[in-house]
Amino acid sequence: MFVRLFRRRYLYALSVLVLSVVLLLIIHGIVRENERVLTTAVFEREMENYATDLQSQIDLSTEVVESIAGFFNASVFVERDEFRRFVATPLFRHAQILALEWIPAVADKDRAEYEEEARADGMNDFQFTERKSRSVMRRAGRRPWYFPAYFVEPLQGNETALGFDLGSDPTRLESIRKSIETGAAISSGRMALVQGRGDRYGFLIFRPIYRRVVSPTTPGGPMSGLQGFALGVFTVSDLVVESLKDRDMEGIGFYLFDDSAPPGRRFLYHYDETREVSEPEPFHGVPEAILQGVNYRTNLIVPGRAWSVLFYRTSGRYGMNSDRGFLVLTGGLIFIGLLCGFLWTTTRHAHKVEGLLSELSRSNIELKKEMAERRKVEANLHTLLQEKEILLKEIHHRVKNNLQMVSGLLNLQGRHAEDEKAKELYRESETRVMSMALIHENLYRNRDLGRINFADYVRSLAGNISSSYYGQRKENIEFIFDLEKVDLVIDTAIPAGLIINELITNAYKHAFSGRQDGEVRIGFHGSEGTGYVLTVADNGSGMPAGKDLGSFSTLGINLVRTLVELLGGRIEIHRENGTTFQITFREYREAGTELH
């Protein structure tokens, strides 16, 4: 009887041991598979953000080219200096742009006239050129139409491109034809640039510009109304570096392809953190190990073309945690050993143990479901927050661009005005528009989309006003700042910025007549709880005694009074050693109604 009971207990324990080992192996496999799925999901989600950065930089580059087309469409005639001033800002702000160019469509009969005009502009020895070899240029041969690089900015480093006839190169000519056919912006395939960047692939974005009453469908063909092209010159490597400069690239590699190009010319760029990338490099296809591993591929939209990017894992940053599987396996074996000993000595408690294990299993399943639901909700909230931030940034970016376009048009119109008073009015309107554009530019670059650093904004605003008066006044006006670091909401920053703009402009116009130098002091202190004090002072001739703001009927002073009232503040004037305006106010939301 005892032997039979011993054997039964032994067989029961052995059966449980075998089943437990099998179950442990299954659990170990499930854990490993879950880790792989989770790792892949995390990698794909983060790489989607990286791809969004690439797409945003492509869109910004396209917008710059489109803005040049808008500038030409809004102008009767654009001179070389006007073009240089217009593109100076985007060239400074967007490091991925190698050059911005104006490419006129020139008939053969007009060639000599264009070449002579360029020489008269100071472009000595200017002529239409074409490539004789990869590094040697020669005078372009005769053809019905030429598409020369007539304006090139910056000229330094791009001297070879000046005068180059894009119609002499089959690849560039094909992009020109497609752009003419569609009447829209078109990107070229990869190419070796005329500027001599032989170690990097480049590409061009063409945007056709037609005369105001002519379109690509005008009778007589698109060439009858074509003025030329706005052209952006880019290198693929600069575009990638500028897009991902703020991203952590540890453990990541990627390939960039032009899917619209013929086979053999689709490869654009390859990055791998484990080695220095020489570009262009011989490309023999994506290794099979990358295709079988953790990777993420998505499409990018380039004008007239389809690009794609393939991200892949290069090191342990996105690797599976092998320690977790080992711990599960080790812990399971220990548990099985203890379970077998327990079953061997206390068989009578088997049913109770089975009940506890069953309850534990159900609890684990419920816990996993709850964790999965929480992760799903958190992911949705994170996605919605990112979409909101992207939308707000896009709104501020577009408002800033539109205001800068208005400022540029006011500047252009002012230069053509003959009356000095009209010029002054244009300049004042331009500085007011730029003061508001600076607000949106700071919000676009700031992490907090509702507030801006007002001290940085005041310095930028003063610099812009000084630049707008450069060459118009002989005074050497020095700015002295005493600015406390304070973040203001946009509803307060806009009227406060306009007040500063008007007071500085007023000092330039009236305070320093007959003097060669002067000082303008700007102070700003306070907090949201205690209120703010804004001081704008000059050491000029001073406001006439006995006069206050109500004695003046100028637009600028009336605007200052209105804005101070809008902020619910008060203004005081002191006349010691010049004129000092001291304005106290609180956050606009505390002052009264909302700003619209």
Side-chain angles (χ1 to χ4, degrees), residues 392 395-396 399-400 403 428-429 431-443 446 448-462 464-465 479 481-507 509-511 520-538 543 546-576 578-596:
L392 286 174
I395 290 173
H396 286 307
V399 171
K400 180 260 297 182
L403 289 174
E428 291 177 1
S429 298
T431 59
R432 290 169 185 144
V433 173
M434 283 304 298
S435 72
M436 292 185 287
L438 275 175
I439 295 285
H440 291 281
E441 181 176 4
N442 287 339
L443 287 171
N446 201 10
D448 186 351
L449 298 179
R451 291 177 173 269
I452 67 166
N453 187 314
F454 197 66
D456 293 342
Y457 165 72
V458 170
R459 291 187 177 92
S460 299
L461 176 61
N464 280 357
I465 297 174
F479 285 93
F481 300 99
D482 180 17
L483 305 172
E484 186 176 342
K485 187 176 181 180
V486 177
D487 292 335
L488 292 185
V489 297
I490 184 173
D491 289 346
T492 304
I494 288 179
L498 286 171
I499 290 172
I500 295 173
N501 176 79
E502 295 303 324
L503 294 179
I504 294 176
T505 302
N506 187 67
K509 292 172 59 179
H510 304 294
V520 175
R521 299 181 300 280
I522 304 175
F524 186 76
H525 301 275
S527 65
E528 184 175 358
T530 62
Y532 304 102
V533 177
L534 170 64
T535 304
V536 179
D538 63 73
M543 182 180 291
K547 284 195 173 184
D548 55 13
L549 291 181
S551 304
F552 297 91
S553 60
T554 61
L555 175 61
I557 295 300
N558 288 334
L559 183 58
V560 170
R561 280 204 309 270
T562 301
L563 292 172
V564 172
E565 292 174 0
L566 182 66
L567 290 172
R570 67 178 185 273
I571 183 169
E572 299 177 7
I573 303 175
H574 305 281
R575 295 178 171 84
E576 295 82 14
T579 302
T580 300
F581 295 87
Q582 182 173 300
I583 301 165
T584 57
F585 61 92
R586 291 181 177 272
E587 285 280 7
Y588 183 77
R589 290 174 296 181
E590 300 177 17
T593 59
E594 290 294 322
L595 180 62
H596 294 285

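Basis for what follows: all heavy atoms, side chains included, without hydrogens, waters or symmetry-related copies. If you're wondering where the values come from, they're calculated on a predicted model, not measured in any experiment.
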Using the side chain to side chain contact (heavy atoms under 4.5 Å, CB included) rule, pick out the option among Thr562, Leu567, Val560 that qualifies with Val564.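 That would be Val560.
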Here's a test for you: under side chain to side chain contact (heavy atoms under 4.5 Å, CB included), which of Ile494, Leu566, Leu563, Leu559 qualifies with Ile499?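 So, applying the side chain to side chain contact (heavy atoms under 4.5 Å, CB included) to Ile499 and each of Ile494, Leu566, Leu563, Leu559, only Leu563 qualifies.
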Which heavy atom in [X] sits nearest to a heavy atom in [Y], and how many Å separate them?
X: Ile452; Y: Ala493; result: CD1-CB, 3.8 Å
X: Leu483; Y: Ala455; result: CD1-O, 3.6 Å
X: Lys485; Y: Asn453; result: CE-ND2, 3.3 Å
X: Asn501; Y: Thr505; result: O-OG1, 2.7 Å

Sub-3.5 Å donor-acceptor pair from the side chain of Ser460 to the main-chain atoms of Asp456, do we have one?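 Flag set: sc Ser460 to bb Asp456 pair under 3.5 Å.
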Glu484 side chain to Gly526 backbone, donor-acceptor under 3.5 Å: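 At least one qualifying donor-acceptor pair exists.
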Find the distance between [atom1] ([X]) and [atom2] ([Y]) and round it off to the nearest 0.5 Å.
X: His525; Y: Thr530; atom1: NE2; atom2: OG1; answer: 11.5 Å
X: Ile583; Y: Leu503; atom1: CD1; atom2: CG; answer: 5.5 Å
X: Ile571; Y: Leu534; atom1: CD1; atom2: CG; answer: 9.0 Å
X: Ile522; Y: Arg459; atom1: CD1; atom2: CZ; answer: 9.5 Å
X: Arg521; Y: Asp538; atom1: CZ; atom2: CG; answer: 7.5 Å

Whether Phe454 and Phe524 hold their rings parallel, tilted or perpendicular, with breakpoints at 30° and 60°: tilted
Determine whether Tyr457 and Leu488 satisfy the following criterion, side chain to side chain contact (heavy atoms under 4.5 Å, CB included), listing intermediate values before the conclusion. CA-CA 10 Å; Tyr457 165 72; Leu488 292 185; over 6 Å; no
Check the pair Ile573, Phe581 against side chain to side chain contact (heavy atoms under 4.5 Å, CB included), reporting the backbone distance first and the verdict last. CA-CA 5 Å; Ile573 303 175; Phe581 295 87; 4.1 Å; yes
